[in-house]
Protein chains: 2
Amino acid sequence: MVSIYDIARTANVSPSTVSRALQGNSRVGTATVARIIAIAHELGYVPSSAARNLSTQRSQTIALILSTISDPSVGSVVEGIERQAATAGYDIMLAMSRNDLGREQQIVASARQRRVDGIILIASQMAARYHQLFDDLHIPTVVISEQELQNNVLVVRTDDYSSAQLATNHLLDLGHIRIGYLGVHDRPASQKPRVAGYYDALTARGITPDPELVLIGNRADHLANGYAAAPAFAQRGATAVFCYNDSSAIGLLSACRQHNISVPDQMSVVGFDDIDMAQYSTPPLTTLRQPRLAIGEAALQTLVLRINNKTTENLTFPGELIIRKSTGPGPNKPEPKAMQQLG
Amino acid sequence: MVSIYDIARTANVSPSTVSRALQGNSRVGTATVARIIAIAHELGYVPSSAARNLSTQRSQTIALILSTISDPSVGSVVEGIERQAATAGYDIMLAMSRNDLGREQQIVASARQRRVDGIILIASQMAARYHQLFDDLHIPTVVISEQELQNNVLVVRTDDYSSAQLATNHLLDLGHIRIGYLGVHDRPASQKPRVAGYYDALTARGITPDPELVLIGNRADHLANGYAAAPAFAQRGATAVFCYNDSSAIGLLSACRQHNISVPDQMSVVGFDDIDMAQYSTPPLTTLRQPRLAIGEAALQTLVLRINNKTTENLTFPGELIIRKSTGPGPNKPEPKAMQQLG
DNA sequence: CTGTTAGCGCGTTCAG
DNA sequence: CTGAACGCGCTAACAG
């Protein structure tokens with residue numbers, strides 16, 4: 001492997017001159033710089049990041065930890081992160097925790113050994129689970145999802161609470177009373193505020209939330225969860241369901257079709273995320289769009305700021321209600337005229 | 001940052017003894033090993049991979065390059081890779097090429113500087129585009145997808161050709177004659193053999209493929225491609241369509257519904273991949289399952305073998321036809337009895 | 001079983 | 001503007 005020593009030798013200069021010339025910044029004779037660069041190119045020189053890392057004590061690497069990549073809603077977030085990381089000159093070390101304790105510890109160990117400059121956590125329970133850990137690590141960290149505040153952990157997220165209210169209010173506006181909530185068990189951090197928003201929206205309209213209409217799936221497969229929940233909702237008289245995410249909603253939609261429950265005539269369904277597939281479901285899914293790409297980009301930018309000791313702050317993005325065809329008037333549909341006036 | 005020197009000092013041994021003790025393998029007094037480990041733990045020692053990499057000339061890192069992560073079919077593959085990488089002690093450097101020339105070069109540069117021990121390419125045109133590059137890099141590489149054979153590049157993939165034949169034959173068996181193919185423009189490597197399989201299956205039954213029934217979408221959004229293609233297929237008298245992947249198929253399904261084309265009564269649709277969403281589409285999608293998790297795992301294992309100079313070989317996995325509800329009898333449906341007998 | 005020595009490749013003072 | 005010298009943290013070859 002050719003090093004700066006090799007190129008120094010053939011250029012009749014010292015290694016430090018080569019180092020400087022290659023970095024561009026320092027003051028070196030314009031002529032020698034050109035000559036050095038030429039020789040470096042000619043010799044097929046490729047700088048060693050290990051050596052550089054060792055010397056500079058920075059790895060130009062950020063660890064991206066997520067519970068699973070097989071979730072259609074995280075793709076765009078990762079995309080946003082990767083994009084910004086590339087332009088900021090950081091490499092990404094990808095790790096999947098799978099909610100597996102052993103693997104989680106392994107990941108943290110690996111990140112520490114690699115001396116990663118920063119960490120991004122997506123849809124992982126790790127931040128909550130280890131509570132103090134990320135504070136003690138002294139590695140800048142940003143968590144994407146609602147989170148208990150910690151000292152050294154930044155949060156970038158969608159406003160789950162008000163988004164859930166938006167979704168629920170949409171159903172309420174359509175005249176629904178018996179509105180269910182379909183949840184998951186493996187995303188407590190973001191689910192909590194969504195449930196709260198759902199509850200509060202109901203209560204604000206004078207409706208007492210019925211615990212019977214809150215169903216929490218127990219598997220990691222959200223599609224299957226949604227599919228399995230349909231009969232219970234129908235049986236308990238729900239005319240509308242607000243789902244934790246689009247996957248759950250699409251599973252639910254599929255089951256409705258299977259059980260001949262017409263959507264939206266007999267059952268309105270609202271999802272969350274607006275994944276690519278959402279507008280191609282049957283019927284196209286009304287959902288709460290999260291600005292996933294922007295969140296990913298913001299997460300990385302915030303992290304870089306934090307790494308460079310600039311001032312940073314937690315970021316909250318608003319959700320956007322996307323009305324499609326899976327929601328329709330409920331049994332107590334208000335007068336169209338009134339709706340018009342309010343619009 | 002505490003180093004082995006620090007722990008050597010407080011343990012009254014030499015740094016190399018510490019190094020050996022921590023590696024476990026070498027012969028060091030059992031007592032001192034215990035003492036050293038204890039002290040290391042106490043001092044909060046975390047080994048530096050940069051230093052180790054520099055010294056050993058191996059990075060324990062593999063580069064995972066893909067065009068985009070926002071494709072529901074790559075998630076499982078990545079999952080398989082990550083799983084095996086973790087157990088084999090490799091970290092993953094994630095990079096997305098986005099079919100962007102500049103980014104592609106940046107990624108290769110970064111991988112070289114990092115001295116990655118191996119490279120995995122998924123659904124990327126890079127292997128084909130640079131042809132000679134990956135050979136010249138002298139870094140073990142495995143490509144997931146059909147590929148022109150290169151010296152130093154291994155291939156792990158689904159048998160696209162015979163899978164396409166399987167899919168097409170299924171449609172043929174159902175009595176369809178005017179069978180279309182819905183393709184994409186950004187996956188030439190895997191599409192080529194699929195189209196070939198489709199053509200050959202048709203020809204083998206004495207049907208002359210009609211070029212009018214082969215539609216190639218021109219956008220990166222496969223769902224949208226599928227959606228846009230429905231009218232053309234209907235208008236040209238296709239009674240069945242074999243799609244490049246499930247995303248295209250689901251887009252097509254959605255458009256059929258929109259245009260009141262009944263599936264499968266008026267139009268049968270077959271996808272490819274068997275993504276999680278496939279069984280929850282309307283109707284549930286008949287598709288060709290790829291063993292994506294297994295492919296990911298095999299890809300990494302093969303790569304590791306190759307890194308360690310063991311013998312390796314290209315791997316081809318068979319696809320599996322999953323019959324669901326999006327396919328049904330065509331206009332020339334054969335006698336049910338005959339079907340039974342053949343089964 | 002253990003210590004010494006010498007790099008691995010690069011950045012960075014400190015002198016000129 | 002340039003060179004010499006040292007350190008980053010760890011492994012490995014060579015003595016004992």
Side-chain angles (χ1 to χ4, degrees), chain A residues 1-37 39-41 43-61 89 91 109-117, chain B residues 1-37 39-41 43-61 89 91 109-117:
Chain A
M1 208 61 347
V2 24
S3 78
I4 54 172
Y5 282 84
D6 301 311
I7 124 169
R9 203 171 305 126
T10 87
N12 280 320
V13 293
S14 79
S16 45
T17 299
V18 176
S19 174
R20 285 187 276 247
L22 260 27
Q23 292 182 72
N25 59 329
S26 303
R27 43 288 147 86
V28 182
T30 319
T32 48
V33 167
R35 191 158 50 96
I36 288 176
I37 290 183
I39 296 180
H41 193 73
L43 261 44
Y45 168 74
V46 178
S48 157
S49 39
R52 189 194 313 254
N53 296 167
L54 195 55
S55 174
T56 61
Q57 300 292 69
R58 331 177 78 252
S59 62
Q60 291 302 105
T61 300
D91 283 337
S110 187
R112 298 185 70 187
Q113 295 181 192
R114 277 245 136 72
R115 305 286 193 269
V116 299
D117 296 330
Chain B
M1 208 62 346
V2 23
S3 76
I4 54 172
Y5 283 85
D6 301 313
I7 125 168
R9 204 171 306 125
T10 88
N12 279 319
V13 292
S14 80
S16 47
T17 299
V18 175
S19 175
R20 286 187 276 246
L22 260 26
Q23 292 183 70
N25 60 328
S26 304
R27 44 285 147 89
V28 183
T30 320
T32 48
V33 167
R35 192 159 49 97
I36 288 177
I37 290 184
I39 295 180
H41 192 74
L43 261 44
Y45 168 74
V46 178
S48 158
S49 36
R52 188 195 313 254
N53 296 167
L54 193 56
S55 174
T56 60
Q57 300 291 69
R58 330 176 77 252
S59 63
Q60 292 301 105
T61 300
D91 283 338
S110 187
R112 298 185 71 187
Q113 295 181 192
R114 278 239 134 75
R115 305 285 193 271
V116 299
D117 297 329

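In what follows, chains carry the letters A, B, and so on, assigned in the order in which the sequence lines appear, proteins first and then strands, with residues in each chain numbered from 1.
How far OG1 of Thr10(B) is from CD1 of Ile36(B): 9.5 Å, rounded to the nearest 0.5 Å. Distance check: Ser3(B) OG to Leu43(B) CG gives 9.5 Å after rounding to the nearest 0.5 Å. A distance of 10.5 Å separates CD of Gln60(B) from CD of Gln113(A), quoted to the nearest 0.5 Å.
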Self-check item: From CA spacing to verdict: side-chain contact (heavy atoms from CB on, under 4.5 Å), Ser48(B), Arg52(B)
Solution: CA-CA 6 Å; Ser48(B) 158; Arg52(B) 188 195 313 254; over 6 Å; no
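Within the structure, every side-chain polar atom (N or O) of Arg52(A) is placed at least 4.0 Å from both OP1 and OP2 of dC10(C). Between Gln113(B) and dG9(C), a side-chain N or O to OP1/OP2 separation shorter than 4.0 Å is absent. Dashed line: the shortest gap from a side-chain N or O of Thr32(B) to OP1 or OP2 of dT2(C) is under 4.0 Å.
Counted within 6.0 Å of CZ on Arg35(B), heavy atoms from surrounding residues, nucleotides or ligands total more than 12; the atom is thus considered enclosed.
Contact annotation for Val18(B): no contact, since no heavy-atom pair falls under 4.0 Å across all strands. Residue Pro47(B) is classed as a sugar-phosphate contact, given heavy-atom separations below 4.0 Å to backbone atoms only.
In this model, a donor atom of one side chain and an acceptor atom of the other lie less than 3.5 Å apart for Ser14(A) and Thr17(A).
Comparing dT2(D), dG9(D), dG3(C) against the side chain of Ser55(B) picks out dG9(D) as the nearest. The side chain of Ser48(A) approaches dC10(C) more closely than any other nucleotide in the set dG11(C), dC10(C), dT4(C). The side chain of Thr17(B) approaches dT2(C) more closely than any other nucleotide in the set dT2(D), dT2(C), dA5(D). Among the nucleotides dG9(D), dC10(C), dT2(C), the one closest to the side chain of Leu54(A) is dG9(D). When distances run from any side-chain atom of Ala51(A) to the nucleotides dT2(C), dC10(C), dA12(D), the shortest one goes to dC10(C). Candidate nucleotides dT2(D), dG11(C), dG3(C) were compared by shortest atom distance to the side chain of Ser14(B), and dG3(C) ranks first.
Taking the side chain as every heavy atom from C-beta outward, Thr61(B) and Arg115(B) never approach each other to under 4.5 Å. A 4.5 Å side-chain heavy-atom check between Asp6(B) and Tyr45(B) finds every atom pair outside the cut-off.
With hydrogens and angles ignored, a donor-acceptor pair closer than 3.5 Å exists between the side chain of Arg20(B) and the base of dG3(C). In this model, no side-chain donor or acceptor of Ser16(B) finds a partner on the base of dT5(C) within 3.5 Å.
Residues of residues 2-12 of chain A having a heavy atom closer than 4.0 Å to DNA chain C, listed by number: Ser3(A), Ile4(A), Tyr5(A).
Rounded to an integer number of Å, the gap from CG of Asn53(B) to C1' of dT11(D) is 12 Å. Across the protein-nucleic acid pair, Met1(B) atom CE and dC8(D) atom P stand 13 Å apart, rounded to whole Å. Rounded to whole Å, atom P of dC10(D) lies 20 Å from atom CZ of Arg115(B). Between Gln23(A) atom CD and dT12(C) atom C1' there is a gap of 9 Å when expressed in whole angstrom units. The distance between atom CG of Leu22(B) and atom P of dT11(D), rounded to the nearest whole Å, is 8 Å.
Across the interface with DNA chain C, nearest-nucleotide mapping of Gly29(B) and Gln57(B) shows Gly29(B) to be the residue nearer the 5′ end.
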